[in-house]
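Presented below is the structure to which this report refers.
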Amino acid sequence: MADRIDVMADTLSREEEIAAQQLLQDAADLLDRRRYRDWIDLFVQDGRYIAISAENHEKNLPLPIIDDTHDRMLDRADMIDRYWSMRPTRTRHVTSVARLEKSSLGKITAVSTFAVFVTEHQRRVDVLAVGRYEDELQWRGDVLMFGSRHVIFDNDLIRHPVTYPL
Amino acid sequence: MLDTNLVDRTSVDRSIYHDDELYQLELERLFCGGWVLVGVTAEIPHRGDFVRSAIGETPVLVTRAKDGNVRVLVNSCSHRGALVAYQHGGNCNTFTCLYHQWTYDNEGRLLGVPMQAQYEDLEKGELGLQNARVAVVAGLIFAALCSDPPPIEDYLGASLPHIEAMMYGGRIELLGYHRYEISANWKLFWENSLDCYHQTQLHTFVDGLAVLPTGDNICFENGHGVIMWPMANPSTEAMRRHIAENATFKMRDFALFQSVDRPEGSVNRVLGIFPNAVLLEQWDTLSVRQLLPRGPGSVEIHTLALGVAGESKEKQQRRARLYGNYFGPAGYAGRDDVVAAEAVQATHAQPEGSRSLMRLGDVGESRGNLRGEYTIRGFYEAYRARMSGDNGEPGEDGPATLEAAKP
């Protein structure tokens, strides 16, 4: 999380900035294109994806809406492909440019905001969720990947079934 | 008065899922006319704590007063009716209405009124926030706005030992909230929660996956009901082998179907408390679902995920993770349930006289048969009685004999 980075921060290089912003845009784009396995490939093998309401996050309550390790991400992709196709929806992520920080240990944290719109078959566009991403990014060779992604959504109420990762 | 043709032993008229007048009668007779679940004590452990809730569509505050007792107050200023608290919860000793600053304590007493001397006919003792009747059972908080609800133990009847067991005698702790709104009548979500018929029909990923022995469907008096089955607790190796040999869905992370500390043969249960609550304990997940109707075509589901006092943090993290991933609005099963309920509601424009069927099983109990619509029929038997304004006298066909079931 962004508030756990080391005090002595390094400056990101221009290449690191570009790689980080590109990674976040790729993540949103792959979800909207429903390319879930490609989205999973943006995570390191022991990566973690957690989506939680602001209410639970601020009250320090552990209940997530999604808490996936790599195996569960793959299970969820199977669920989407094989069992959840009966009510297709289209999502559209709108994300901000991320604030990036780099610790002296080389870890990059990225904080950005998002809105996910959902369009269901023959229905109007609606807002599924808004909130912020808090990401920990790691280099694997010359590829920047998600070590973890925390999705903290503002909604007091969710108004749609949540089929896809936010 | 309910047209009793709308609900009979084996079917219901589909207008009950979208008729505005019937919905208003439900609010009056079922929600404001008896006990409803409004929260759990684990939400308000300290004096001064409060949470917002509702009885039907009537907003209430559930508070922990100075004397340590629970109060349920109508969240509406006695002056002009504005909400006196907006937050989901917090800790305070007074509530002040934002409109004219009338101030109440957390037992509902009116403490202060600006320009009090000039205010005509002000009897502060008569202008407190309306107090509901309150009963606390095994950590569950029930409230009633009517003046003469039956004793809560009588109301819960033979479901009470199950409630005590599922709530670990009240030693529950709060792990978090899911709050979501679905475009479906509140009864459809109750039906879905207590319907074991759909388990492998809707949640097709379960095919061959879970070891599901036979179980029991039991209807209790007053519309409550439980479906329950003995819990298998396979080792990881056994589960992997079982999945490889039997499951259509080769699930990689099957932690839901294992418990870290509940012994084999422990009971998994889904228990419905008429009209608005569902308790669920499956393997290492434990939760209370509260149904808050928001019109005939909409319901808010407020789920409280729970742990048990004295558990390790790791166990509670596990409980929370498993509940979210399987039973919440993004859950493998939870998402299906929302879609199914909304699919029913989506066809609300029906020809007159269209009926929904519930013919798989009778009212009463079925031992050794998990699949059935028993508890749905039990729900509608109570629904018909309460909505008709009678005392649940058996109709022409009569209900099956109900026996007190052991937890």
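All chains are named by letter (A, B, ...) in the order of the sequence lines, taking the proteins before the strands, and each is independently numbered beginning at 1.
- Counted within 6.0 Å of CZ on A/R90, heavy atoms from surrounding residues, nucleotides or ligands total 12 or fewer; the atom is thus considered open.
- No side-chain heavy atom of B/R179 sits under 4.5 Å from any side-chain heavy atom of A/S53.
- The two atoms that bring A/I66 and B/A330 nearest to each other are CG1-CB, 3.6 Å, heavy atoms only.
- Comparing A/D78, A/T69, A/N60 by heavy-atom pairs within less than 4.5 Å of chain B, the highest count is held by A/D78.
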Carefully, step by step, assess B/T248 and A/R82 under the rule side chain to side chain contact (heavy atoms under 4.5 Å, CB included).
CA-CA 10 Å; B/T248 311; A/R82 297 178 62 174; 3.3 Å; yes
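- Between the side chain of A/D75 and the main chain of B/R252, a donor-acceptor pair closer than 3.5 Å is present.
- Taking every heavy atom of both residues into account, A/V162 and B/R335 meet most closely at O-CG, 4.0 Å.
- The line from CD1 of A/I158 to CD1 of B/I301 is 12.0 Å long, rounded to the nearest 0.5 Å.
- Here the closest heavy-atom approach between residue A/P64 and residue B/A320 is recorded as CD-O, 3.3 Å.
- Close approach to chain B, defined as a heavy atom under 4.5 Å from one of its heavy atoms, is seen in no residue of residues 16-24 of chain A.
- In this structure, A/P161 and B/V339 approach most closely via the heavy-atom pair CG-CG2, 3.9 Å.
- Residues A/R76 and B/N325 are in side-chain contact: their nearest non-hydrogen atoms beyond the backbone lie under 4.5 Å apart.
- The two residues A/I65 and B/P329 come nearest to each other via the heavy atoms CD1-CG, 3.6 Å.
- For chain A, the nearby parts of B/L175 are the backbone and the side chain; heavy atoms of each come within less than 4.5 Å.
- Both the backbone and the side chain of A/R159 come within contact range of chain B, judged by heavy atoms closer than 4.5 Å.
- The greatest number of non-hydrogen atom pairs below 4.5 Å with chain A, out of B/M251, B/H178, B/Q317, is found for B/H178.
- The choice from A/I52, A/I50, A/D71, A/N155 that makes the most heavy-atom pairs within less than 4.5 Å of chain B is A/D71.
- Of all residues in residues 287-298 of chain B, none places a non-hydrogen atom less than 4.5 angstrom from a non-hydrogen atom of chain A.
- Residues B/F249 and A/Y83 come closest through the heavy atom pair CB-OH, 3.3 Å.
- For the atom pair CD (A/E58) and NE2 (B/H88), the distance works out to 10.5 Å, reported to the nearest 0.5 Å.
- Options B/H302, B/E300, B/Q316, B/K313 differ in how many heavy-atom pairs under 4.5 Å they form with chain A, and the most are formed by B/E300.
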